[in-house]
2 protein chains.
Amino acid sequence: MMPLMAHAHTAREKARLLREAERVCAAAGEQFTPLRRQVFELLTQAHAPAKAYDLLAKLGGDAKPPTIYRTLEFLMKLGLVHRIESLNAFVACDVGACGRSTIFLICDRCGHAEEFDAGHALVDLGEAAARDGFEIKRTMIEATGLCAECKAA
Amino acid sequence: MMPLMAHAHTAREKARLLREAERVCAAAGEQFTPLRRQVFELLTQAHAPAKAYDLLAKLGGDAKPPTIYRTLEFLMKLGLVHRIESLNAFVACDVGACGRSTIFLICDRCGHAEEFDAGHALVDLGEAAARDGFEIKRTMIEATGLCAECKAA
DNA sequence: GCACGGTACGTTATCTTGTCACGTAGGATG
DNA sequence: CATCCTACGTGACAAGATAACGTACCGTGC
């Protein structure tokens, strides 16, 4: 199990994510506009899930809420960004790595969020729900606790 | 796998839930005040997850936000109520039935939320995270889709 | 060239959700 | 009976999100 969060520690990593994003966007027949690029970049640089209004502030100028929400919605549609419901915050995610099966491990102390592959757990869940007649479209797993670093400290 | 949501269809069921709640409360050395009882009752009667401000309105009088949030926080602390993050809403839950392992199946169409026992899935998740040094304290799984009734219709 | 339609984005206003800080009433305890 | 704690009230406001409408730009086809 490996952390999949698109958290660019290096310039090379960030460049790779951007290229990936461009590719996904083109494949979907959508435009990777400067605004969308900027928001995605801000997210890849964030050390923790970013709030909508914080991103908005970083856009400079005097952007209004719909701007950031529309952009985030777009990026989520393409699977480039995830929303963390329990935090009302957003993270960039590594394309391809995250199918529909993702888990976020959120550290209560440092705020870091790591994305994991849920593996078989979600398959089981889908099957179990199906036996009850429920058809799952989207699953969200958010686990909070202490990350390795914070536990050590 | 059985629905565990504390959604009282009958007066007898509701009375049972209230007694359970009183018991849990007493066991924790806390008071089950009229306000707390009223909020819990409202939740057991709800046909779907209830929003904080809707509950607030139903309290009658002119209750202010902190009143309902404090009360919900208290009930959550005792494990009598769950918050559904993706909806910003709350449900009563069946005490004892819900340990740490709960999943909500939320119907996109009718809004109904059923609580399920996550079974082994969460155990696996906890172990997998632990191998990475992450210590999970609380896990939240919210799956959206179509319930059996809505799929039929 | 220019009307047409679509996508992206700006702008204003408003609504919903949640919290902070402080005050008070009432019971328990010494 | 002074003190403390818990529960709750109150006013103010911060944070999160959306609705409704306008415009600029870019293509396409006549």
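What you are looking at is a predicted structure, and each value in this text was computed from that prediction instead of being measured.
Among residues at least two apart or in separate chains, there is no side-chain hydrogen bond (donor to acceptor under 3.5 Å, both in side chains) pair with a member in residues 48-62 of chain B. Legend: side-chain hydrogen bond (donor to acceptor under 3.5 Å, both in side chains) pairs involving residues 143-153 of chain A, not counting sequence neighbours: none detected. Under the side-chain hydrogen bond (donor to acceptor under 3.5 Å, both in side chains) criterion, the residue pairs touching residues 27-42 of chain A are A/Lys14-A/Glu41, A/Glu22-A/Arg37, A/Glu30-A/Lys77, with sequence neighbours excluded.
For A/Tyr69, no side-chain nitrogen or oxygen approaches OP1 or OP2 of D/dT18 to under 4.0 Å. One finds no side-chain N or O of A/Lys51 lying less than 4.0 angstrom from the OP1 or OP2 phosphate oxygen of D/dA15. The phosphate of C/dT17 has neither OP1 nor OP2 within less than 4.0 Å of any side-chain N or O from A/Asn88.
Residues satisfying the side-chain hydrogen bond (donor to acceptor under 3.5 Å, both in side chains) test with A/Glu135, not counting sequence neighbours, are none. Looking at residues two or more places apart in sequence or on another chain, you find a salt bridge (Lys or Arg N to Asp or Glu O under 4.0 Å) between B/Arg138 and B/Glu85. Partners of A/Arg131 by side chain to side chain contact (heavy atoms under 4.5 Å, CB included), not counting sequence neighbours, listed by chain and number: A/Glu127, A/Ala128. Qualifying side-chain hydrogen bond (donor to acceptor under 3.5 Å, both in side chains) partners for B/Ser86, counting only residues two or more places apart in sequence or in other chains: B/Glu142. B/Arg19 pairs by the side chain to side chain contact (heavy atoms under 4.5 Å, CB included) definition with B/Ala15, B/Arg16, not counting sequence neighbours.
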Polar atoms only, N or O, under 3.5 Å: list the protein pairs with nucleotides 6-8 of chain D and their distances.
unit_1	atom_1	unit_2	atom_2	d
D/dA7	OP1	B/Arg36	NH1	2.9
D/dA7	OP1	B/Arg36	NH2	3.3
D/dA7	O5'	B/Arg36	NH2	3.4
D/dC8	OP1	B/Thr33	OG1	2.5
D/dC8	OP2	B/Arg36	NE	3.4

What are the atom names and distances for every N/O pair under 3.5 Å that joins the protein to nucleotides 12-15 of chain C?
none

Could you write out each protein N or O paired with an N or O of nucleotides 25-30 of chain C at a distance under 3.5 Å?
none

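When rounded to the nearest whole Å, the span between CG of B/Leu72 and P of C/dT17 equals 13 Å. Remark: P of C/dT17 and OH of A/Tyr53 are 14 Å apart, rounded to the nearest angstrom. In this structure, the CG atom of B/Leu87 is 16 Å from the P atom of C/dT16, given to the nearest Å.
The only option from A/Ile84, A/Ile141, A/Leu87 that meets the side chain to side chain contact (heavy atoms under 4.5 Å, CB included) definition with A/Phe104 turns out to be A/Ile84.
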